[in-house]
Amino acid sequence: MTHSNPESHAAPSKDAPSHDAPIEGARIPNFLRDQIAEDVRTKKYGDAIVQTRFPPEPNGYLHIGHAKAICIDFGLADEFGGKTNLRFDDTNPVKEEQEYVDSILADVRWLGFEWERLCYASDYFGQLYEWALQLVKAGKAYVDDLSADQIREHRGTLTEPGMDSPYRNRTIEENLDLFTRMKAGEFADGSRVLRAKIDMSSPNMNMRDPVMYRILHATHHRTGDEWCIYPMYDYAHGQSDSLERVTHSMCTLEFADHQPLYRWYIEQLGIFPSQQFEFDRLNITYTMLSKRKLLQLVTERRVNGWDDPRMPTLCGLRRRGFTPEAIRAFVEASGVSRTNGMTDIEMLEHFQRDDLNRSAARAMAVLRPLKLVIDNYPAGEEEFFEIANNPEAPSAGTRGVPFSREIYIEQDDFREVPPPKYYRLSPGREVRLRGAYFVTAQRVVKDAAGNIAEVHCTYDPATRGGDAPDGRRVKSTMHWVSAAHAIGAEIRLYDKLFAKADPGDVEEGEDVLSNLNPNSVEIVSTARLEPSLANAAVGAHFQFERVGYFCLDPDSTPDSTPDSTPGKLVFNRTLALKDSWARIENKAGKKSGA
Ligand code: ATP
Ligand code: MG
């Protein structure tokens with residue numbers, strides 16, 4: 001909706017509530033926002049505030065798909081003056097670890113959100129157990145001695161009803177006895193389960209007497225060895241929401257079929273009626289968003305840990321130089337829907353470039369140096385040019401960049417025999433050295449193997465600062481670094497982790513890992529950088545002019561240390577700039593050769 005009257009933000013009319021609380025990015029239709037607005041208007045929960053929660057399972061690091069859920073849970077609650085809990089759904093002691101808990105806390109904060117309460121499903125184990133006893137006593141739950149395989153066989157299919165377990169009609173007394181003994185540790189793992197007694201012929205498979213508790217003699221990361229029975233996620237989730245008086249429990253579409261079960265438990269127990277709403281999962285081309293698969297990449301060492309800059313994890317993206325502002329804007333713009341779709345990775349990259357274009361300081365770095373000798377510039381002399389740190393933000397100031405007789409330019413910026421439409425340096429051609437002078441290439445010096453070792457040129461002193469007083473123009477402006485002043489650094493050029501737009505598109509018998517991009521990282525050790533970069537702050541963002549966006553390798557997880565040290569700088573490429581020449585060349589279908 002559009003508002004011509006700015007007053008409407010402050011005083012929404014009763015019939016047409018304004019949803020226009022200020023958040024970043026373009027406002028696009030969002031049925032969840034509409035739903036909450038409607039529930040607030042009709043006072044569905046009386047005067048209770050909007051309460052949401054973000055419920056990660058601490059069995060891996062958060063990825064950008066989770067960022068969508070976080071922005072929805074926290075963002076919408078904020079808009080309506082509500083609150084959001086961060087709740088760890090830690091019902092599975094086998095896969096969950098404190099390391100994951102710590103990283104999730106750090107990542108949610110990094111994205112820019114602060115929770116109201118920090119909760120754990122494990123805090124509710126006692127209450128959940130009491131409620132299970134209540135269901136047993138009401139004849140709504142029973143202990144089943146069938147094995148996991150037998151339970152599966154009895155479950156039926158989408159077209160056939162399930163079969164009752166022979167243990168389904170145990171007496172309440174027997175169920176109470178067995179369940180309390182399950183808790184007391186009398187039985188082996190897998191020997192018995194507690195099941196809800198609902199309907200073995202329900203068209204919804206989740207309602208066919210789902211398992212509520214299993215026996216697992218395992219140490220939990222928070223409750224230690226206190227429990228040897230653990231609630232299933234589906235038994236714990238709805239009641240956890242209810243205990244926290246969550247009004248709007250938002251999750252992804254695959255849980256839609258579980259909603260009737262969550263409601264069933266809540267109704268049987270007569271507790272606070274949290275309502276669930278489902279939205280689409282974020283899927284991004286060339287990207288895999290499954291914690292299980294990401295864990296596999298880590299354990300098989302296909303990447304260097306969860307925070308490898310090629311990973312779609314929040315710590316990986318952070319290390320790569322992505323910013324919370326860009327991720328939030330991207331998530332907002334990608335919208336919410338009731339059907340799953342696919343979002344182009346270029347859209348994420350667009351939002352990131354847009355953000356860095358505004359915020360990143362400019363600097364000059366030559367990745368693959370070619371020496372340029374200015375024959376008519378006095379040897380031993382140096383001067384400093386004041387160059388804007390960010391033309392998009394004059395307040396970012398200027399810095400002095402040293403210049404001298406010998407400088408480095410990119411090898412790609414010189415061709416002895418220029419192809420058509422190549423406007424950079426070549427013999428007889430005049431170009432601008434960014435912020436410095438016009439230079440004209442005169443001759444090349446080759447090594448014994450015939451490679452160009454250096455290019456000699458002349459400069460026009462009248463063009464100091466980069467403009468010719470006679471108004472003559474050049475077609476190209478190139479970045480450069482003074483050879484005598486340059487510093488070294490390791491530059492890591494990252495590219496897409498997967499070579500296929502849909503990494504899951506594999507031949508029969510193949511794994512998604514067969515779609516890994518073999519060239520997803522290139523280490524460049526030859527780079528020469530302007531000396532101001534020696535003082536770059538860890539995690540600071542830069543645009544290396546004409547090359548791309550980079551950041552100094554940062555601290556990305558609670559227990560990592562940056563690879564970059566004052567003695568050995570390491571820069572990660574966040575994204576390349578869009579390279580117009582590469583596009584021309586690709587169109588022409590030929591490779592650039594010197
Ligand atoms: P994964 O499939 O990566 O293991 P998950 O759903 O098992 O993810 P949880 O820790 O249970 O991971 O997720 C916490 C919340 O994040 C859930 O509400 C879930 O719906 C949401 N979520 C997970 N993946 C996505 C995604 N790709 N897009 C949007 N929301 C997501
Ligand atoms: Mg899950």
Side-chain angles (χ1 to χ4, degrees), residues 30-32 52-77 84-92 94-97 99-105 107-108 111 113 115 118-122 221 232-234 236-238 240-241 244 246 248-259 262 274-299 306 311-317 327-328 330-343 345 347-348 502-504 512:
N30 179 326
F31 69 89
L32 295 170
T52 65
R53 87 289 171 264
F54 171 62
E57 186 182 351
N59 61 350
Y61 283 66
L62 296 182
H63 53 60
I64 190 164
H66 293 113
K68 171 171 176 164
I70 293 170
C71 289
I72 287 172
D73 294 329
F74 285 85
L76 288 181
T84 306
N85 293 342
L86 174 56
R87 181 204 316 143
F88 288 101
D89 253 311
D90 55 349
T91 50
N92 183 355
V94 181
K95 291 190 182 163
E96 294 158 4
E97 289 174 27
E99 174 196 350
Y100 299 139
V101 170
D102 295 340
S103 74
I104 290 169
L105 297 175
D107 287 347
V108 171
L111 255 195
F113 297 105
W115 46 90
L118 181 58
C119 307
Y120 294 83
S122 54
H221 73 110
M232 302 300 289
Y233 177 86
D234 272 355
H237 191 76
S240 300
D241 279 348
E244 292 169 23
V246 168
H248 297 81
S249 173
M250 294 171 284
C251 64
T252 37
L253 286 166
E254 69 273 21
F255 294 104
D257 287 347
H258 300 242
Q259 184 177 155
Y262 302 160
S274 300
Q275 175 68 49
Q276 175 171 304
F277 300 95
E278 301 91 10
F279 59 88
D280 59 321
R281 285 182 82 84
L282 178 65
N283 295 308
I284 304 177
T285 54
Y286 298 97
T287 307
M288 198 175 44
L289 296 179
S290 144
K291 274 187 283 185
R292 194 174 56 82
K293 282 285 167 197
L294 295 176
L295 175 64
Q296 191 186 345
L297 290 173
V298 173
T299 52
W306 285 97
M311 291 280 270
T313 49
L314 294 181
C315 56
L317 288 164
I327 293 173
R328 292 198 305 261
F330 160 72
V331 162
E332 173 69 18
S334 65
V336 291
S337 146
R338 288 187 174 95
T339 46
N340 284 322
M342 184 67 87
T343 301
I345 195 168
M347 181 171 165
L348 170 62
D502 175 5
V512 287

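Computed from a predicted model, the values in this text were never measured in an experiment. Counting starts at 1 for both ligands and their atoms, in listed order.
Looking only at distances, no side-chain donor or acceptor of Arg328 sits under 3.5 Å from a matching main-chain atom of Cys71. In this structure, the side chain of Thr313 does not engage the main chain of Tyr61 through any donor-acceptor pair within 3.5 Å.
Residue Glu254 places no N or O, backbone or side chain, under 3.5 Å from any N or O of ligand 1. Residue Met250 places no N or O, backbone or side chain, under 3.5 Å from any N or O of ligand 1. At least one N or O atom of Arg281 sits closer than 3.5 Å to an N or O atom of ligand 1. Below 3.5 Å of separation, one finds no N or O of Lys68 facing any N or O of ligand 1.
A salt bridge does not link Arg53 with Glu244: none of the charged nitrogens is closer than 4.0 Å to a carboxylate oxygen.
In the vicinity of Ser290, heavy-atom distances shorter than 4.0 Å reach the ligand 1 atoms 3 (O). When each atom of ligand 1 is checked for a heavy atom of Ala69 under 4.0 Å away, the hits are 16 (O), 21 (C), 30 (N). Atoms of ligand 1 lying under 4.0 Å from any heavy atom of Leu289, numbered from 1 in the order shown and given with element: 3 (O).
Distances from ligand 1 to the non-hydrogen atoms of Arg292 include no value under 4.0 Å.
No hydrogens or angles considered: a donor-acceptor pair under 3.5 Å links the side chains of Asp90 and Ser122. No donor-acceptor contact under 3.5 angstrom links the side chains of Glu57 and Tyr100, judged on distance only.
When His66, Glu57, Lys293 are checked for heavy-atom proximity to atom 12 (O) of ligand 1, His66 turns out nearest.
In this pair, Tyr233 and His237 present their aromatic rings parallel. The plane angle is below 30°, not in the 30 to 60° band. Ring-plane geometry between Phe277 and His248 is classed as parallel, the angle between the planes falling under 30 degrees on a 0 to 90 degree scale with a further cut at 60.
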